[in-house]
Each structure stands twice: as C-alpha cells, then as structure tokens.
S.K.: 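My structure is below; once you've seen it, I'll send some questions.
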Amino acid sequence: MGKQNKIMDFFSALGRSLLMPIAALAACGIFLGLSSALMKAQVQAAAPFLAEGIIFFVISTINKVSGVVFTLVPVLFAISISFGLAKEEKEIAAFAGFLGYYTFLVASACMINSGFVELGALKISSILGVETVDMGAVAGMIAGVVTAILHNRYHKITFPVAIAFYGGKRFVSLAVIMTMALVGLVAPIVWNPISMAINGLGGAISAAGLVGVFGYGFLERLLIPTGLHHVLNGIFRTTAIGGVYEGVEGCLNIFLQFIDQVDIAQLRPYTVFLGQGKMPMMMFGLPGAALAIYRTAPEEKKQKVKALMIAGVAASVVSGITEPMEFSFMFVAPVLFLFHAVMGGLSFMLMAAFKVAIGNTGGGLIDYFIWGVFQPGSNWYWLLVVGPFFTVIYYYVFKTYLTKKNLSIEVSEEDDDDSAGSGSGADLDEKQRMQAARIIEGLGGLENIAAVNNCLTRLRVDVKDMALVQEDILKKTGAMGFVKPSDTHIQVIYGPKVERIAANVREVMRY
C-alpha cells in the first residue's frame, strides 16, 4: 500500500509539474493564433492594411516571438519537472534541471560522434546549439525526474570542513551533471528501439481512427478525479504518440509550429486530440447540466446553487476550465460523471468526424474564436450544429437522473464573502487570512501539513495524517470536492481562484 501511495503521489506531482510549460504554450498560442490568422492571405485580401508597413511588422514580430516557446518544450519540461517534484529549495532544483538537460545533450553528442556504435538510424538535430540525438520532450522529462530525485536526496548533504563548500545545494548540480552525463552517453544506444515502440503506438492510435479519438476523449475525462489527465494530455501533445509531422513530434507541437506554414487541412489528423474535441462538451453540454442541476435543486438551495452554476459555466465556456462544474456532481452522482466521460469521448469523435480543425489546449470560447472562427478552413461552424444537441442531451439526462434519485449538489453553508479574489482593501485581507486559517484547520493544523502546492483548480497538500483532515470545515471555505490519491496527499478543489487561496495559505503558515 505504501508503494502504491508513492506511485500515485509521483504521478500526481508530475501532472502538476507538466501544467507549467503547457500553460505557457497555451498562453503564447493565443498570440500565435491571432497573429497567424491576421497573416493569412484570405484575411489580408479582405483587409489590405494588415500587410502594410508597421502594422505587418508588429503582427509578424508577435508571431515570431510567441512561436519561439514551442521550440523549447524539452528544456521547459526539464526545468518545470525539476521545480515541481522538488520538495524544498525548488529554485535550486530548477537551475540544476537546466544543467542536467544541457549535459545530457552534450554527452549524447559525444557518443554519436565517437564512432563506437552504429547510430545512423537515429534522428539528429541541432538543439540549443548542439548536434545531438533528438528525443523531443522525453529528454526533458528524463532530465527533470532525475534532477528532482537527486535534489531531494542530496540538497542537505554535508561534507568534512575541507570540502564543505561543495556540500548541500552545490552538490546537487555536481551530482546532476555527472548522472546526466552517464544517461546521455547511454541514451543514443537505447533510444532507437524505444522510439520505434512509441511511434508504433502512435501509429496504432492513428489507425484506430474515430474509435481511437473516442477512447482518448473518454479517458481524458475519466482521469479528471485523479489529476492524471494532465499526464495523458502531455504525452499526446509533446511526444510521437500524438503524431509526427515533418520530424516534429506531438499534436500540439505540430499544430502550433505549422499553423502558419501549411494548409490547415494537413493539420486535422493532429487537432483531433486538441481543444476542438472538448468544445461541444465544455461550451454546450455542461451549461445544459448546470441548468438541470439548478432546476432540480431544493428551493432553499436554489440561490446558492445558481451562483455556483453561473461561476462554473463561465469558467467552462470562456476558458475551458471544467473542474468547478465536474466536481459539483462527480461525488454526488458518479453515474452522471461516467455519462459525462462518455459524452467527452463523443465530443472528440464528432469533431473529428466532421473534419473540424481547431487547435490549442483550452477548448473554450477564446480558443474557438482565435483558432476556429478566425482561421480559414477550420470548419468551425460544425460546433454550432453539434453543440445544441449536447445541451439538450445533458439537460434531460441530468434532470431525469437527479429527479429520479432525489439528489441535489452540496453547497457551502456560508456565503461566498470569505472567498479569495473578490473585493479590495484591508477588510478583504482580513477575510482572506481568516479563510486561509480555516483551510489550515481543516487540513489538520500546521503540524499536519507537509507541503502546499496548487494547479489550475486544486489545492494540492501533502499531509502527515489523513485522519486529521476535516472535510466539513474545508467545505465551508468554498471547497467543491476532494481527491485523495494516497494516504498522505489530498487535492481540494476550489476552481480558478485556487492560486490566490494557495498563496494565502502559504503566507499564513509562515507566521
């Protein structure tokens, strides 16, 4: 059981770590998508001033600057995973993560140029100025995980006085450089069969056609409670499992690097795993579910349920963040969540069947306009055809089930005045401190908390004794649900406001 807990904790932390570079890609993708749309020949023909002088210079500069981040995915993974998996002194781990990744590149180049073994079948690329084996995002992941393991083990090591200077955090960099040099020397030898296996899996998924797309969408939703959907998404978006095009691996990498270079029809096989697949479910299905939840709520709960549903729908439709809505019914009605996962698979499958080509990762209204409506040939209009059916189906399924089972979602017993991120001034600061103190109390007190982190919607806390956690107190602070992937880790779902809440909790813990 202890080993299982450690495995779940590791993958949970890994998923959180992958969010940082993926979020950067998504943010830069908005600017890349808008600038790419404005540089399309069809758009400039309709608005000729976009192709003239300073205006074109500004647009093209934004396009180039926002696109550069997509060439740095492996090094971003190395840094973010080192940072995310480190338990203490995370900035030291992040620094060592970059050193480890670069050492890996150089050591691999040395093995390739040595002539000791025949490595002619490997893909060789120039990465950060080094001609070396191109393992894509996998190399960054390996460097990040190895660095974090070494950092957590050695960042407090001490040596005799004569060499004490090289102890502690300084030794971490030395250990990472030596270890990643060895890994880099071995990597070119072992990577070829591994690469073939990954490409084979990607080919099998592609050959499965709409069935494969449905399976991905279904699994992506089903993993939401565990947080492991981030790992699944990261693999498809940045490795050969998500596809290979012109030597570029991963559906997101392919889409964002070639959106302004090739006809969008050539990118459709890769957009099937991106934001388009979520849009019918996010922008139409969940609002229908929200209306059913509101209408079936008891009269005394209706106003609070209404406020919660409006906030959840806004997050889902505009930015593609679905967890506030999903966790409102996930534990009350697991059957509805299973239905939701199936509809998620259908959502992905139908967009692929109708040859929609809308990329990026969010899946909300912003992505729909920038990557759909503004992109000639994206077939964005199919969403408006399919979407209303999702609204009706979600509404009647949710209403029928909740009415038949006489179920209603849980809401906080208190008003939302204590929630973080609203209001201003000293009065708000006091409320935020009170909320943070309550959260600490609900987590079993200061002595029970080992570490506090967060992702986009969840407060992720390592605790010493799960029995001391009081969910009833946490619910009064605005928590919408809980996930306990192990006996020492709890995820408390707060929605998009969680970043402020996490910062407040950490600040109160310091005093």
S.K.: Can you measure from CG (Leu72) to CD1 (Ile127) and round to the nearest 0.5 angstrom?
M.R.: 11.0 Å
S.K.: For residues 155-163, tabulate all N or O donor-acceptor pairs below 3.5 Å that involve a side-chain atom, not counting sequence neighbours.
M.R.:
residue: His155; atom: ND1; partner: His151; partner atom: O; Å: 2.9
residue: His155; atom: NE2; partner: Glu88; partner atom: OE1; Å: 3.0
residue: Lys156; atom: NZ; partner: Glu88; partner atom: OE1; Å: 3.1

S.K.: Which of parallel (below 30°), tilted (30 to 60°) and perpendicular (above 60°) describes Phe236 and Phe273?
M.R.: tilted
S.K.: Could you list all the side-chain hydrogen bond (donor to acceptor under 3.5 Å, both in side chains) pairs where at least one residue sits in residues 331-350, not counting sequence neighbours?
M.R.: Glu326-His340, His340-Tyr394
S.K.: List the steps, then state whether side-chain contact (heavy atoms from CB on, under 4.5 Å) holds for Ile440 with Ile449.
M.R.: CA-CA 8 Å; Ile440 293 170; Ile449 299 174; 4.0 Å; yes
S.K.: Roughly how far apart are Glu441 CD and Leu446 CG, rounded to 0.5 Å?
M.R.: 11.0 Å
S.K.: If you compare all heavy atoms of Ala143 against all heavy atoms of Gly100, which two are closest, and at what distance to 0.1 Å?
M.R.: CB-C, 4.4 Å
S.K.: Should the ring pair Phe329 and Phe398 be called parallel, tilted or perpendicular, given that the plane angle runs from 0 to 90° and is split at 30 and 60?
M.R.: perpendicular
S.K.: Would you check if the distance from the ring center of Phe339 to the ring center of Tyr401 is below 6.0 Å?
M.R.: no
S.K.: Does Leu474 form a side-chain contact (heavy atoms from CB on, under 4.5 Å) with Val469? I'd like the steps, not just the answer.
M.R.: CA-CA 9 Å; Leu474 292 172; Val469 174; 4.0 Å; yes
S.K.: Quick one: closest heavy-atom pair of Lys87 and Asn152, and the distance?
M.R.: N-OD1, 2.9 Å
S.K.: Looking at every heavy atom in both Ser82 and Gly144, which two are closest together, and how far apart are they?
M.R.: OG-CA, 3.4 Å
S.K.: Please round to the nearest 0.5 Å and tell me the distance separating atom CG of Leu274 and atom CH2 of Trp371.
M.R.: 10.0 Å
S.K.: Within a 6.0 Å radius of atom CZ on Phe214, are there more than 12 heavy atoms belonging to other residues, nucleotides or ligands?
M.R.: yes
S.K.: Restricting to non-hydrogen atoms, name the atom on Phe390 and the atom on Leu346 that form the minimum distance, rounded to 0.1 Å.
M.R.: CZ-C, 4.2 Å
S.K.: May I ask you to check whether Tyr101 and Thr147 show a side-chain donor-acceptor distance below 3.5 Å?
M.R.: no
S.K.: Looking at side-chain heavy atoms only, is the closest gap between Leu338 and Leu222 below 4.5 Å?
M.R.: yes
S.K.: Taking the side chain as everything from C-beta on, heavy atoms only, tell me whether Tyr368 gets closer than 4.5 Å to Val373.
M.R.: yes
S.K.: I need the minimum non-hydrogen distance between Ala93 and Ala86, along with the two atoms involved.
M.R.: CB-CB, 3.5 Å
S.K.: Calculate, to the nearest 0.5 Å, the distance between atoms CZ and CG belonging to Phe104 and Leu99 respectively.
M.R.: 15.0 Å
S.K.: Kindly compute the distance separating OG1 (Thr179) from CG (Leu150), expressed to the nearest 0.5 Å.
M.R.: 4.5 Å
S.K.: Do Thr477 and Tyr494 come within less than 4.5 Å of each other through their side chains, counting heavy atoms only?
M.R.: yes
S.K.: Does atom NZ (Lys302) have a neighbourhood of more than 12 heavy atoms from anything else shown, all under 6.0 Å?
M.R.: yes
S.K.: Nearest heavy-atom pair of Asn448 and Leu443: which atoms, and what distance?
M.R.: ND2-O, 2.8 Å
S.K.: Would you compute the distance between atom CE of Met180 and atom CD1 of Ile142 and round it to the nearest 0.5 angstrom?
M.R.: 7.0 Å
S.K.: Considering only distance and modelled atom types, tabulate donor-acceptor pairs under 3.5 Å from the side chains of residues 277-295, sequence neighbours left out.
M.R.:
residue: Lys278; atom: NZ; partner: Thr361; partner atom: O; Å: 3.2
residue: Arg295; atom: NH1; partner: Tyr395; partner atom: OH; Å: 3.2

S.K.: Under the side-chain contact (heavy atoms from CB on, under 4.5 Å) criterion, do Ile81 and Val145 qualify, and how do the steps go?
M.R.: CA-CA 6 Å; Ile81 292 174; Val145 171; 4.0 Å; yes
S.K.: Is the shortest side-chain heavy-atom distance between Val146 and Val176 below 4.5 Å?
M.R.: no
S.K.: Run through Gln470, Lys476, Lys475 and flag the one making a side-chain contact (heavy atoms from CB on, under 4.5 Å) with Asp472.
M.R.: Gln470
S.K.: Checking Phe389 against Leu350 for the side-chain contact (heavy atoms from CB on, under 4.5 Å) test, could you report, in this order, the C-alpha distance in whole Å, the side-chain angles of both residues, the deciding distance, and whether it holds?
M.R.: CA-CA 12 Å; Phe389 289 98; Leu350 289 173; over 6 Å; no
S.K.: Taking the six-membered ring for Trp and the single ring otherwise, decide whether the centroids of Tyr270 and Phe255 are under 6.0 Å apart.
M.R.: no
